[in-house]
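Because the structure is predicted, anything quoted here is derived from the model rather than measured. Residue numbers start from 1 in every chain, and the chains themselves are labelled A, B, ... in the order their sequence lines are given, proteins ahead of strands.
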Amino acid sequence: MSFSDWREVRIGEVISFNPSESLKKGEIAKKIAMEQLEPFTRKIANYELSKFTGGSKFRNGDTLFARITPCLENGKTAYVNILDDNEVAFGSTEFIVMRKKEKITDDMFVYYLAISPDFRNKAIQSMTGTSGRQRVQQDVLQSHKIMLPPLHEQKAIAATLSALDDMIELNNQINKTLEEMAQAIFKSWFVDFEPFRDGEFEESEIGPIPKGWKVGMLGDFVEIVDNRGKTPPLSDVKTEYPIIDVRALSGESRVIDYSNCTKYVEKEIYDSWFRSGHPKHLDILISTVGSIAEMKMFYGNKGCIAQNVVAFRSNGISPCYLYQYLQYSKGDLLSYNIGSVQPSIKVTHVIKYKIIVPDEKTMSSFDMLMESISDQIHRNANESQILIAIRDTLLPKLISGEIRVPVEEVV
DNA sequence: AACCTGACCAGTGCGTCTCC
DNA sequence: GGAGACGCACTGGTCAGGTT
C-alpha cells in the first residue's frame with residue numbers, strides 16, 4: 001500500500017461544520033445536554049424531550065464536539081446514533097457539530113478524527129476568551145490541514161476502531177445487567193424475604209424478619225478507614241498510588257474508573273502519611289461531601305482515600321452483602337444529610353443505621369452467589385480498560401497512516 | 001484527631017449583544 | 001430575524017486551615 005491516494009486537505013473542505021438544520025422555536029425535540037456526554041465515550045448515554053429554544057442542531061451520524069473549557073479538555077465528544085432517520089435533535093450551544101460530506105468522508109471516521117490527539121490539540125491551542133471561559137476558534141479547526149485517506153480506507157479505519165468501541169460498550173452493558181441482577185436478588189432475599197416465606201418469622205425493631213436473623217447497627221459490622229480530613233503532599237507525576245476522591249466514586253459501576261483519578265502520592269507518603277491506613281480489597285468506599293453516598297467496591301490493594309471519602313471494611317458480614325445493602329439503602333443514607341450549603345453526611349451518624357443480618361448459612365450462600373457476579377463485573381471492567389488503552393494507542397497511528405489497515409482495492 | 005467553614009475552581013445553562 | 005459569540009450566574013466539588 002502506498003500513500004499516493006492519501007491527499008492533503010483542509011478539514012473544512014471535507015467536513016461540514018454546524019450544517020444548517022431547521023427546528024421551530026417551541027417545537028418538542030430530543031435534547032442532548034452537555035452533561036449527557038461522557039468523557040472519551042462515543043455513545044450518548046441519554047437524552048430528554050424538550051422545547052427547542054436554541055442551540056446546536058444535528059442528525060444521526062453527526063459528531064458532537066464540546067468546544068468550551070473544560071469540557072473539550074475532558075474529551076466530551078460523541079457520535080449521534082440515538083435518533084430516527086431524518087430526525088433533527090438539538091443540544092448545548094457549546095457543541096460544534098461535525099458532519100461527513102457525501103462521497104468524501106465517512107461519518108464514523110469523522111468521529112475518530114475528532115477524538116484524535118492531533119485534532120484535539122489543535123482545537124485546544126486555538127482556544128480564546130476571557131473570564132476563564134475559553135472556547136475553540138472554529139475557523140482554525142476548519143483550516144487545519146490533515147492527510148485524508150480515500151473513503152474506503154476511512155471506512156476500514158473506522159471499522160477497526162469501532163470494533164473496539166463496540167466491545168467496550170457491550171462490556172458496559174453486561175455489567176449494567178449484572179448490577180441489576182445482583183440488586184434484584186438482594187431485594188428478593190432481604191427485603192421481600194421470598195426464599196424464606198415458608199419459614200417462621202419474628203418481630204424485630206424494624207419489622208418482621210425470618211427467625212434466627214438479627215438486626216444491628218451498621219457500626220457493629222464495619223471498621224472505618226478515613227484519612228483525617230486532610231490532603232497529603234501530592235506527587236508531581238503519576239504513581240501507582242492514586243488518590244480516590246469523591247469524583248472517582250461517581251458512575252453506575254461498582255468498579256472505580258481510575259481515569260477519574262488525577263492525583264497521586266509517592267510511595268514514601270503512601271507508607272507514612274495515612275495513619276488510619278489504606279483501603280483493602282473489597283472495602284466499600286463512600287463519599288461524604290458533595291455527591292454524598294456514592295459508593296464503589298475497592299478491588300486490589302493500591303490507592304489512598306481522599307478527604308470526604310471513607311472506607312467501610314466489613315467485619316463479620318460478607319463484603320458483597322454489605323455493598324448490596326448500602327446500595328439498596330442509598331435513599332436512607334442520603335437522609336443523613338446535614339449540610340446546609342452543600343450536602344454532607346457524618347460517619348458517626350451513618351454507623352447507627354440499623355441493618356438486617358441473616359443467619360450464617362444464608363449469608364454464606366448469598367456471598368457465594370454475589371462473589372461470582374462481583375468478580376465478573378470486575379473482570380469486564382478491567383477488560384474494558386485494556387480495550388480503551390488499545391484503542392487510544394491505535395487511533396492516532398491509524399488516523400495518521402503510521403499503521404495501515406488492509407483494504408480491498410476499489411476499482 | 002475530628003470536625004467545620006469558607007475561599008476558590010470547575011462545570012454548565014442562559015441571556016444579551018453583534019453581525020450577517 | 002436568526003445564528004453565533006461571549007459574558008454572567010448559579011451549582012457542584014476540592015481543599016486549606018481554623019476550631020473544638
Side-chain angles (χ1 to χ4, degrees), chain A residues 16-27 31-39 45-48 50-58 64-76 78 88 90-98 126-142 224-234 242-251 260-265 273-277 286-294 304-310 334 336-351:
Chain A
S16 305
F17 282 70
N18 297 335
S20 170
E21 289 290 354
S22 75
L23 269 179
K24 288 204 182 76
K25 284 246 158 89
E27 192 174 329
K31 177 184 180 183
I32 297 167
M34 185 67 85
E35 63 180 349
Q36 272 133 8
L37 268 56
E38 298 286 333
N46 216 339
Y47 65 84
E48 55 190 304
S50 176
K51 275 187 187 171
F52 175 68
T53 50
S56 55
K57 286 166 286 188
F58 40 82
L64 304 182
F65 186 77
R67 60 169 188 155
I68 192 167
T69 189
C71 305
L72 165 59
E73 292 90 328
N74 290 347
K76 287 202 168 196
V88 178
F90 70 105
S92 166
T93 54
E94 310 297 349
F95 290 146
I96 291 175
V97 178
M98 296 168 65
S126 83
M127 295 177 98
T128 59
T130 53
S131 76
R133 306 321 316 270
Q134 301 264 304
R135 289 180 173 91
V136 170
Q137 298 307 106
Q138 192 178 306
D139 52 336
V140 174
L141 281 185
Q142 283 173 291
I224 307 290
V225 179
D226 70 23
N227 84 353
R228 303 186 295 154
K230 298 278 185 189
T231 298
L234 300 173
I243 302 273
I244 301 160
D245 59 15
V246 173
R247 188 167 303 235
L249 301 186
S250 68
N260 286 336
C261 298
T262 53
K263 300 190 181 75
Y264 301 87
V265 296
W273 192 89
F274 297 83
R275 286 180 208 162
S276 75
I286 297 191
S287 59
T288 59
V289 175
S291 296
I292 55 178
E294 293 290 331
C304 324
I305 46 180
Q307 64 172 312
N308 306 332
V309 172
V310 295
L334 290 172
Y336 282 99
N337 179 18
I338 50 157
S340 51
V341 177
Q342 63 179 347
S344 77
I345 49 178
K346 276 169 78 168
V347 171
T348 47
H349 292 170
V350 173
I351 56 172

Inset, instruction - Supply the atom-to-atom distance Gln142(A) CD to Ile96(A) CD1, rounded to the nearest 0.5 angstrom. - result: 8.0 Å
Inset, instruction - May I ask you to verify if any side-chain N or O of Lys263(A) is less than 4.0 angstrom from the OP1 or OP2 atom of dC15(C)? - result: yes
Legend entry - Nearest-nucleotide pick for Thr348(A), side chain only, options being dT14(C), dG4(C), dC3(B): dC3(B)
Inset, instruction - Can you tell me the distance, in whole Å, between the CG atom of Asn308(A) and the C1' atom of dC4(B)? - result: 11 Å
Inset, instruction - Measure from CD1 on Ile68(A) to P on dC8(C) and round the result to the nearest Å. - result: 13 Å
Inset, instruction - Find the distance Glu94(A):CD to dG7(C):P and express it as a whole number of Å. - result: 12 Å
Inset, instruction - Just jot down the ring-ring contact (aromatic ring centres under 6.0 Å, His included) partners of Phe90(A), sequence neighbours excluded, or say none. - result: Phe52(A)
Inset, instruction - Figure out the CZ/P separation between Phe90(A) and dA3(C), and round it to whole Å. - result: 13 Å
Inset, instruction - Considering just the side-chain nitrogens and oxygens of Arg67(A), establish if one lies under 4.0 Å of OP1 or OP2 belonging to dG4(C). - result: no
Legend entry - Selection from dC14(B), dG4(C), dC3(B) that lies nearest to any side-chain heavy atom of Lys31(A): dC14(B)
Legend entry - Distance, nearest 0.5 Å, that separates CG of Leu141(A) from CE of Met98(A): 7.0 Å
Inset, instruction - Under 4.0 Å between any heavy atoms, over every strand shown, what does Gln138(A) touch: base, sugar-phosphate, or nothing? Just pick one. - result: nothing
Legend entry - Rounded distance in Å - CZ (Phe95(A)) to P (dA5(C)): 15 Å
Legend entry - Interatomic distance where NE2 belongs to His349(A) and P belongs to dA2(B) [whole Å]: 16 Å
Inset, instruction - Under the ring-ring contact (aromatic ring centres under 6.0 Å, His included) rule, collect the residues that match up with Phe58(A), sequence neighbours excluded. - result: none
Inset, instruction - Starting at atom CZ of Arg247(A), determine the distance to atom C1' of dC15(C), rounded to an integer number of angstrom. - result: 13 Å
Legend entry - Integer-rounded Å distance: dC9(B) P and Asp245(A) CG: 18 Å
